[in-house]
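Reminder, nothing fancy here: chain letters follow the sequence lines and each chain counts from 1.
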Number of protein chains: 2
Amino acid sequence: MKKIDILKKLRSSRLRPTKQRVEIAKFLFERDKTFHFTVESLNKLLIKKSTSRIALATVYNTVHAFKAAGHLSEVEVRGNKTYFDTNVSNHHHFYDSETAELIDIDANDIIIQKIPKAPNGKKIKNVEVFINLKN
Amino acid sequence: MKKIDILKKLRSSRLRPTKQRVEIAKFLFERDKTFHFTVESLNKLLIKKSTSRIALATVYNTVHAFKAAGHLSEVEVRGNKTYFDTNVSNHHHFYDSETAELIDIDANDIIIQKIPKAPNGKKIKNVEVFINLKN
DNA sequence: TTTCACTTTAGAATTATTATAAACTAGATT
DNA sequence: AATCTAGTTTATAATAATTCTAAAGTGAAA
């Protein structure tokens, strides 16, 4: 993705193409493969690579702005709380983000027909299906 | 579940049945339905219900001890960091907890044959399949 | 009943994230 | 081009969830 495309992408998302946003956007989107990161890891990479210093809070702001604009997705469904479950059997969950409530789904109520094989020397430990709900 | 069972359960898991553990275990396991909670919410409920005061750190310790013993499962796979993904299309993930690495799975590589319908007045927003890896 | 490794406790520390408020800037208006 | 202004960036403080620490307490083995 060219710089000009990034400018377009930002403008079309009503994000002012500031120096920082352009720099972060170039870093994130000028690549061939998918890129997974946390704000913290992105920040470290930016510090290494970039000439100008970008505040951590700006990285948070920018990442969330990109997310709101649909340029990034967040691989996290439950906020930052850890839920525990007295049901230790293999099962799945509905998650209602309105009420921050988890609902069990019996393992038998979901059948997965096709599944990819694990990469390289890895094995599949378990498969969790998470169904997010809306009203 | 009776108190005596809880004592057995703890002993068999090599957890000393201390006053606090028994109290928390009774609260968690002497019920018919699955119970979902966070340490914080559990702590609040314990403060309300219990006679003796239990330190928050003890609730953390105890919950993790129960988890290690297999009496509780943790509905959370990625620690407490939020990952972002430059791939905004609908897709799934492998998660390698050894390396804390996410790997994309194309939406077409997973086919779900049977899925439960959403509860009460809710709709399904999206379905996330999370495949945990081991070595 | 003594002993000691395991526990509990209060509070400090850490980590991830969000809020704040002052300084800055892209782009519209003059 | 100079001015204006809402949106941005920044350093820092605040918050929230969780873990650490070190001292005091306690099951249960001997």
Please pick, from C:dT17, D:dT19, C:dT18, the nucleotide with the shortest atom-to-atom distance to any side-chain atom of A:V39.
C:dT17
Nearest-nucleotide wise, let me know which of B:L15 and A:A57 is further upstream toward the 5' end of DNA chain D.
A:A57
What donor-acceptor contacts under 3.5 angstrom involve side-chain atoms of residues 10-17 of chain A, with partners at least two apart or in another chain?
| from | atom 1 | to | atom 2 | distance (Å) |
| --- | --- | --- | --- | --- |
| A:S12 | OG | A:K8 | O | 3.1 |
| A:S12 | OG | A:K9 | O | 2.9 |
| A:S13 | OG | A:K9 | O | 2.7 |
| A:S13 | OG | A:H71 | NE2 | 2.7 |

Rounded to the Å, how far apart are A:I54 CD1 and D:dT10 P?
7 Å
Are any of the side-chain heavy atoms of A:I110 and A:I131 separated by less than 4.5 Å?
yes
What is the distance from CD of B:E40 to C1' of D:dA16, rounded to the nearest Å?
9 Å
When rounded to whole Å, the CZ to C1' distance for the pair A:R53 and D:dT8 reads 18 Å
Check: A:N108 main-chain N/O paired with B:K114 side-chain donor or acceptor under 3.5 Å:
yes
Can you pull every protein N or O that's under 3.5 Å from an N or O on nucleotides 23-27 of chain D?
none

Would you mind reading off the distance between A:N61 atom CG and C:dA19 atom P, rounded to a whole angstrom?
10 Å
If the plane angle is over 60° it's perpendicular, under 30° parallel, otherwise tilted; pick one for A:F35 and A:F27.
perpendicular
State whether the side chain of B:S41 and the backbone N or O of B:F37 hold a donor-acceptor pair below 3.5 Å, judged by distance alone.
no
Rounding to a whole Å, what distance do you find between B:L10:CG and D:dA28:P?
10 Å
Which residue lies more 5' along DNA chain C, comparing B:L56 with B:R14 via nearest heavy atoms:
B:R14
Hydrophobic clusters here meaning ILVMFWY residues chained together by side-chain heavy-atom distances under 4.5 Å, can you tell me if B:I47 and B:Y60 are in one?
no
Distance check needed: D:dT19 C1' versus B:N43 CG, whole Å only.
15 Å
For C:dT9, does OP1 or OP2 lie under 4.0 Å from any side-chain N or O of B:Q20?
yes
Take A:K123 and B:N135 through the test side chain to side chain donor-acceptor pair (under 3.5 Å) and record every step on the way to the result.
CA-CA 6 Å; A:K123 287 175 189 161; B:N135 288 321; over 6 Å; no
Could you state the atom-to-atom distance from NZ of A:K67 to C1' of C:dT18 in whole Å?
14 Å
Presence of A:Y60 side-chain N/O under 4.0 Å of C:dT17 phosphate oxygens OP1/OP2
yes
Whole angstrom value for the distance that separates P of D:dT8 from CZ of A:F66
11 Å
